[in-house]
Amino acid sequence: MPKPTSLVYVVDDDLSVRRSLQRLLKSSGFEVQVFTSGQEFLREADQSAAGCLILDVVMPGLSGLELQQEFLARGYKLPIIFITAHDNATVQRNALSAGAHAFIRKPFEDLVLLDAIYLALESEA
Amino acid sequence: MSEAGLQDLLAAVGTVAWEADRATHRFLSVSRHAADLLGYPVEQWLEDGFWKARIHPDDQEETVQRFFNSAGAGEHFELDYRMCAAHGSTVWVREVGSAGSAPTVCGALVDITELKTLEHRLGASEAHVRALVECVSDGLLIVSSDGRVDLANALAATLLGYPRDELIGQSIDNVVPGLGSTGRDLRGAERGSTPESGAMGPSAEFLARRKDGSKIPVAITIAPLGAGFYATVYDAHDRRAELNAHQLETELARVSRAATFGELAASLAHELNQPLCAIVSNGRAGQRLLLQKGNRYKEVRAALTDIVQDGKRAGAMIDKLRAMFKKGEPVHEPVSMNELVRGIIPLVHSDGERRQAHLRLDLDPRLPPVLGDQIQLQQVLVNLILNAFDAVESAGTDSPEVVVGTAGIGEDGIELTVRDNGIGMDAETMGRIFDAFYTTKPDGLGMGLTICRTIVEAHGGRLWPTANAEGGVTFHLCIPCPVNAAA
């Protein structure tokens, strides 16, 4: 089970998705912070504070995959769970081989996302 | 009748009665109207040599000659010639008379200037009509009320296999059996209406008999003309081929549209995943909240409100797609170009994001509506935007951007532009992009822009590309605004 202080970041440009994930994760006992873009996340989030990052793949500006590359370049260790509305095997392969913990297609069952988060947190523990 | 009464009558009908010496044409007497005809007083008319001196130099020799011939032979004569009036103008006159055996000749002079002018104009219009008839790209016949060919252009003669001289005067039923009676039926139906209101009959096929005895199928459209009718004649084979080509084009347009919308449907499916994701997550969150201790009523209600919103959002996307798939005749209704642009954004948004292209709008809020087929115009715009996405994707620019703009261009209409900072086009490509089956894309059909241009031109508009100074291409779409569209 998550620690009461576990913080999850959500970066997604779609307002509905952000709101619903925030509600779902809160109701599941997580602290949640949401960001509308990769740039906003890099600017405002404290990388060391969170347990994991839920990251949309396709966004205007910095894409999810570009943000992942930025993490690698900066040496951040925050585990990433990708979520996407697009079904693209190449993108999925690239994301996973670059170290992503999971790659989940929208829409998804809550348990699929929660399991991925638990696994990501355990791997960091 | 008194002498004065006779003079009045002659003046009223614009006639000069005269008596002249048979050997010299010196006037011995002229009626009072002579003074009005040329502006010379009557006394001057009676001077020796007056007549000959007042005849227009170009007509003088012939007129004098013909008069003395007739007078010498004691015949009736009728001469049309020009006379020079006192104020310098030229007057056309008709001189009639009869030279008997008496030493004097009596006759009358009438001003026929108006008649001659009219004759001249008629001749010119007829020449125009004949020239026009030859210019028409179809065969053209005029058939008189007795069923004979009155007029035929060269094309009609060639098509029907007759020298034109022989075709004119022929009974139309000899050349195109059955056409004469069709023409009579048409006149019967049109009786009482003016020729202008006579609607063109639909084109019908006939079997024409050529002079050499061969038969050829022709498509003929007839319309009443005076007591007869006129007919346009086409080679029925050509006409059928033309119709087939048109059908092919329509079918091609439909197929290509389906292909475009196939891509769009895939793109929209991705787009639908966003609200669906939110709905499922909110639903699951709601279920969890209901199982938890404490009063979570407010939070559950907020989740349900969001679910309803996202359900509606998904429904609206599907409605848009359904509207675009709707098949039907092109309609011309007032269309707001700005709304059209905004309506398309949800459909192409996802495609643009996938290619990392930023789509920006630059819309002029004060635009009159255009008259057009919303679905067709949407199709054009979608094509242009997707092409622009392709162009910026191929270019790999740092900040790929596609700008859709609208602007009024005076009273002429509306200009819509789709500008990209993509890979651009060389001159050769730019010259060929509207050619059918020309494409620069590996899986392109090469019909997108061809069809776009056809649609735009059917709306009375123009579609063309220009190269941007800073790179990339702008497509310009100009559509006229009808003056009464805003009403």
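- Only the backbone of B/Glu299 comes within contact range of chain A, with heavy atoms under 4.5 Å apart.
- Salt-bridge formation is not detected for the pair B/Asp310/A/Arg19: no Lys NZ or Arg NE/NH1/NH2 atom is positioned less than 4.0 Å from an Asp or Glu carboxylate oxygen.
- Between the CG atom of A/Asp14 and the CD atom of B/Glu353 there is a distance of 8.5 Å, given to the nearest 0.5 Å.
- The greatest number of non-hydrogen atom pairs below 4.5 Å with chain B, out of A/Val17, A/Asp12, A/Asp13, A/Leu24, is found for A/Leu24.
- Crowding of A/Arg74 atom CZ: a count of heavy atoms from other residues, nucleotides or ligands under 6.0 Å exceeding 12.
- Contacts with chain A (heavy atom to heavy atom, under 4.5 Å) involve these residues of residues 285-292 of chain B, listed by number: B/Ala285, B/Arg288, B/Leu289, B/Gln292.
- At a 4.5 Å heavy-atom cutoff, B/Ala357 makes no contact with chain A through either its backbone or its side chain.
- What you find for A/Lys106 and B/Asn273 is that their closest heavy atoms are O-CG, 3.4 Å.
- In this structure, A/Arg18 places its CZ atom where more than 12 heavy-atom neighbours from other residues, nucleotides or ligands lie under 6.0 Å away.
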For a side-chain contact (heavy atoms from CB on, under 4.5 Å) check, start with the C-alpha distance between A/Ser63 and B/Gln356, then their side-chain angles and the critical distance, and finish with the verdict.
CA-CA 8 Å; A/Ser63 79; B/Gln356 295 288 309; 3.5 Å; yes
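- The distance from atom CD of B/Gln309 to atom CG of A/Leu15, rounded to the nearest 0.5 Å, is 10.5 Å.
- For the atom pair CD1 (B/Ile307) and OG (A/Ser16), the distance works out to 11.0 Å, reported to the nearest 0.5 Å.
- Per-residue counts of heavy-atom pairs under 4.5 Å with chain A were compared for B/Pro275, B/Gly352, B/Ser399, B/Ala302; the largest is that of B/Ala302.
- Inspection of non-hydrogen atoms places B/Cys277, B/Ala278, B/Val280, B/Ser281, B/Asn282, B/Arg284 of residues 277-284 of chain B under 4.5 Å from chain A.
- Contact annotation for B/Arg296: neither backbone nor side-chain heavy atoms come within less than 4.5 Å of a heavy atom of chain A.
- Chosen from A/Asp110, A/Val58, A/Leu21, the residue pairing most often with chain B at heavy-atom distances under 4.5 Å is A/Asp110.
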